[in-house]
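To keep things clear, I will list the structure first and then write my remarks on it.
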Amino acid sequence: MLVPLSYNLRSLFVRKTATLLTVLGIGATVAIVSGVIALQQGFQSMYTGGGRSDVAVFLRPGANNEGDSQFSRDRGLKLIKSVPEIEVGPAGPIASMEAYLALLLPPARGGVTNVPLRGVQPMTFEIRRGEVEILEGRNFTPGSDELIVGRRLVGEIPSCVIDGVLELNRTPFRIVGVFDHSGQFAGEIWGDMDRVTTAMGRFGPNRVVAKLREGVEVGAPDPREVMFADEPPEPVPGSLAERLKNHPEVPARVYTEAQFLASQTVMLTGILGGLSAILGVIMGLAAVFTATNTMLSAIAARTNEIGILLSLGYRPVPIFLSFMFESLVLGLLGGFAGCLMALPFNGIKAGTMNFQTFTEMAFAFRVTPAVLVIAVTFSMLLGLIGGAWPAFRACRMKPTDALRRV
Amino acid sequence: MAPFVLVWRNLLRHPLRSVLTVLCVAIAVFLICFLRTMVTTLNAGVDAADNRRLAVMSRNGLFAALPLKYQAAIESIDGVELTTKFQWFGGYYRSQKNFFAQFAVDPETMFAMYPECKAPAEQIEAFRRNRTSCVIGSELVKEFGWKIGDTVPIIGSLNPHPEDKAWEFQVAGIYHSDVPNFDNRTLFLHWEYFEETLKAGGNPPGVGVFSIKIERDADAARVIADVEAAFEDSEQRVDCSTEAEFQRQFVTMFGNVPKFLGWIGSGVVVVILLACINTMLMALRDQAAEIGVLKSLGFTDMSMFMLLVAQSVLLCLLGGALGLGIAAGAEAPISEFMVKMFPGFAIHNDTFLLAGAAALAIGLIAGAAPAWRARNMPCVEAFRGTD
Amino acid sequence: MAHPMIRVRGLTKRYQRGGETLTVLDQLNLEMEEGRFYALMGPSGSGKTTLLNLIGGLDSPDEGELIVAGEDLADLSGADLAHWRSTNVGFVFQGFNLIPVLTARENVELPLKLTPLSRAQRRAQAETALKLVGLGDRMDHRPRQLSGGQEQRVAIARAIATDPKVILADEPTGDLDRKSAEQVLELLQRLNREFKKTILMVTHDPHAAERAQSIVHLDKGQLGRIEHNQAPVAAK
């Protein structure tokens with residue numbers, strides 16, 4: 001025979017202040033942890049969201065990011081020619097050489113930051129057809145000293161405005177447009193590859209990107225394992241990746257773009273993951289203690305009622321379950337409160353340095369449904385753990401003692 | 001005057017509740033120490049900076065290299081006593097998970113410029129003479145078990161060896177620094193070997209940062225202006241700043257991260273404050289009748305206010321002391337654990353003070369509302385139930 | 001007539017309950033002599049406890065004059081009133097109202113903490129009071145470890161610890177069995193007889209009231225008759 005659930009719900013309502021304080025406490029805990037996860041989701045979605053598996057990224061052998069990688073212009077051209085897997089359009093192979101540099105600019109928050117500057121070729125826009133769109137102004141004219149800036153930089157970096165002028169070393173470049181992209185490019189400045197490298201005194205591009213023919217498998221191992229495993233894995237035998245690794249003239253490392261992007265934030269993902277886990281455990285303990293205190297006090301105030309229930313013939317297990325239910329509801333309410341507190345984080349812009357590339361990452365908090373699910377699950381767990389001991393104490397009471405203690 | 005024997009006795013009335021509340025406060029204090037130390041560690045380089053040292057880098061940022069010939073030009077500027085150069089090597093040992101910094105440096109001047117980077121004189125001399133040698137930080141010795149005379153293979157991901165193999169450096173010396181702007185996980189390699197090898201591969205290196213030491217009586221602002229003016233019309237313009245400013249700029253690249261850590265810290269304080277208010281309201285409920293009795297015995301309203309506040313403050317101070325103890329005890333293991341990503345994790349005294357003050361503030365605020373109610377509680381409530 | 005310990009003139013007390021004004025005490029006049037044992041009787045709602053509260057300085061009247069132990073209570077407020085209470089009045093409650101976390105001795109010592117006595121003096125005085133109520137061997141027990149009658153005797157010891165002139169008791173035997181009640185009443189009589197305490201005891205038990213020298217009847221906030229008991233029931 002189960003104790004009527006309305007009994008517990010009503011008692012939560014009767015003890016309004018304690019319930020409210022506990023719910024707010026659990027809620028704030030959940031909101032803090034969700035906030036860190038939302039931050040991680042924000043930049044993760046920015047990096048992996050744009051990753052395509054029909055686009056290949058070619059790096060110099062041994063390089064793990066664009067900054068480390070370098071090609072000469074000739075070698076880049078030769079590489080494009082020697083890979084028949086690259087799709088060919090009316091204007092030739094759909095492949096582009098890109099330079100990856102950075103401009104030291106002052107962000108609105110103060111100080112300085114390295115804003116990624118990407119030199120691209122016209123074919124880049126063919127590869128990115130449908131991905132990159134001009135929001136305001138126009139695209140830069142190839143071969144000219146013009147730039148376009150990513151949407152996420154607008155406002156964050158005050159000098160990134162249309163008609164603004166950025167000096168690349170000693171050459172003034174004019175900003176002619178703002179472009180959008182769902183991924184990392186929206187936090188970058190783009191210009192003509194040859195003009196940008198010349199102005200910055202670089203001799204060539206950093207990587208080659210290309211659209212692959214349909215059905216081509218790159219066959220590269222997971223770049224995260226290449227970077228962090230003691231024994232780096234090898235490419236699939238006979239694949240494009242293996243052929244290029246051992247190419248006599250233009251050896252290169254090749255990944256699909258999806259693979260490459262996922263590997264560019266492992267360190268920050270790890271740090272934020274670690275931080276949210278540490279905070280989750282430590283703050284979770286505090287929330288559990290609060291819930292325990294509240295439930296202990298709730299049970300102490302109802303000692304008499306528990307005695308009555310026991311003397312009416314209710315068994316200990318239903319009484320245990322009934323208090324566990326009450327605590328679960330407490331946790332659940334805390335979870336909802338936490339979600340409400342975390343929602344305003346959604347969309348808050350943030351910027352930090354990606355340790356792997358040493359460049360600014362402009363991104364925003366993203367309170368995704370997954371974050372909310374984690375929040376509610378976490379809060380229910382807190383409620384259950386917090387309620388366990390008090391509920392156990394309640395069900396172990398002897399009816400005679402419970403009735404005597406007024 | 002509050003009957004203080006009651007403060008302690010009342011806390012023992014529900015020992016579990018008191019213990020859990022103390023633990024909550026301890027958690028808050030520990031987290032404040034932890035989170036704030038992350039921020040102060042980032043700023044440690046700024047605080048430890050030497051005001052006689054300047055840094056020169058390209059106005060395009062650390063990514064751009066400066067021509068080697070700039071060094072002579074800088075040295076000719078009035079007030080410059082010493083210069084030395086750094087270039088980021090960008091490699092790794094075996095796997096990228098063994099991440100640590102490597103810089104190509106000039107052994108003749110580097111150690112003179114940075115006396116805080118301590119190594120025995122004969123080891124520095126050995127480094128100077130052997131161009132394929134290196135000096136490594138004491139943490140790397142601990143981590144990889146390297147010792148003097150070992151050969152360390154480093155794969156150059158930014159600067160691959162032209163013969164397509166790992167670079168090899170013999171350990172000539174081990175340095176140790178007690179100052180936070182110099183971590184102990186860096187490998188310094190010989191500039192001449194670095195330059196020659198890359199030149200042979202057709203890709204001569206530039207300089208990432210020139211460090212300048214100015215003469216004792218030189219005006220830093222004037223030297224900075226002179227250095228920047230000297231290259232105004234050269235191929236790369238430069239940005240010259242004091243070491244503190246250079247470090248500060250580097251910290252700003254972490255963007256909003258320090259602010260977010262601050263938000264989290266404030267959130268933690270709010271959570272624990274709520275927990276303590278909850279506890280104190282429960283205490284008030286338990287003691288309400290007794291407060292009426294005490295008042296009828298002649299205890300004043302103010303003394304009843306103090307009775308509640310004292311309980312709250314005592315709980316929070318116990319929690320605070322415990323939290324500070326945990327933080328102090330955990331400092332070394334945390335520092336050990338985070339040495340790769342976050343070298344120099346050390347809790348400052350003012351962080352301890354701040355965390356202790358937070359515990360006291362939580363105690364005062366959490367006690368205030370219930371205490372105010374205790375103060376205003378009429379003593380006639382003691383007679384409730386009759387008539 | 002001896003010097004009046006308690007003088008009540010035109011005392012009126014009203015309460016607001018559920019939107020209507022309730023006059024609990026209505027223009028009450030009363031004088032109580034020093035060193036006498038009074039019982040205060042009356043039906044529920046007659047204002048007994050309210051009168052006790054007012055005399056004890058726990059509540060303030062809406063109208064009228066109230067002089068207790070030579071002090072006009074209208075002149076006192078806040079901390080002064082609290083201090084006056086600690087030295088002039090001792091309270092005994094129906095529900096004992098001991099502090100559960102303190103031992104019997106510590107409970108008795110509580111009001112002494114408000115006096116300038118030293119720690120040792122407080123301790124000695126508390127022990128004297130406890131011995132007087134016959135609990136010299138229970139001094140380090142907590143209230144939970146005592147019987148109801150013993151608890152009430154500790155409460156009486158607490159009430160007399162500061163040697164007040166007046167003891168106010170509100171249904172002191174209401175929660176006790178017959179035998180314990182007798183003990184408590186005998187104790188009050190002894191305090192009156194041997195230590196000349198002025199005692200005002202609210203009760204609705206006629207047997208308890210017989211122990212007093214005078215029985216004051218209250219009805220609907222007004223004074224009824226006063227019986228003088230020439231030979232109160234003595235200790236058995």
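These figures come from a predicted structure and were not determined experimentally. Letters A, B, ... mirror the listed sequences (proteins, then strands); counts begin at 1.
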Please determine whether the number of non-hydrogen atoms from other residues, nucleotides or ligands lying under 6.0 Å from atom [atom1] of [X] exceeds 12.
X: B:Arg185; atom1: CZ; result: yes
X: B:His348; atom1: NE2; result: yes
X: C:His204; atom1: NE2; result: no
X: B:His176; atom1: NE2; result: yes

(message) Tell me which of these, C:Leu81, C:Leu98, C:Leu102, C:Val202, has more heavy-atom pairs under 4.5 Å with chain B than the rest.
(response)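 Counting heavy-atom pairs under 4.5 Å, the top option is C:Leu102.
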State the [atom1]-[atom2] distance between [X] and [Y], to the nearest 0.5 angstrom.
X: B:Ile291; Y: C:Ile99; atom1: CD1; atom2: CD1; answer: 9.0 Å
X: C:Asp170; Y: B:Ser296; atom1: CG; atom2: OG; answer: 11.0 Å
X: C:Lys113; Y: B:Leu294; atom1: NZ; atom2: CG; answer: 11.0 Å

(request) Residue by residue, scan residues 273-280 of chain B and write down, ordered by number, those that have a heavy-atom distance under 4.5 Å to chain C; if none do, write 'none'. (result) none
Looking at [X] and [Y], what are the two nearest heavy atoms and their distance?
X: C:Leu114; Y: B:Leu297; value: CD1-O, 3.7 Å
X: B:Phe299; Y: C:Ala82; value: O-CB, 4.1 Å
X: B:Gly298; Y: C:Ser86; value: CA-CB, 3.9 Å

(request) Verify, without hydrogens or angle tests, whether B:Arg9 (side chain) and C:Pro100 (backbone) share a donor-acceptor contact under 3.5 angstrom. (result) no
(request) For the residue pair B:Val293 and C:Arg158, establish whether any side-chain heavy-atom pair is separated by less than 4.5 Å. (result)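 Yes, side chains in contact.
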(request) Tell me the residues of residues 104-112 of chain C whose non-hydrogen atoms fall below 4.5 Å from those of chain B, in number order. (result) C:Glu106, C:Leu110, C:Pro111
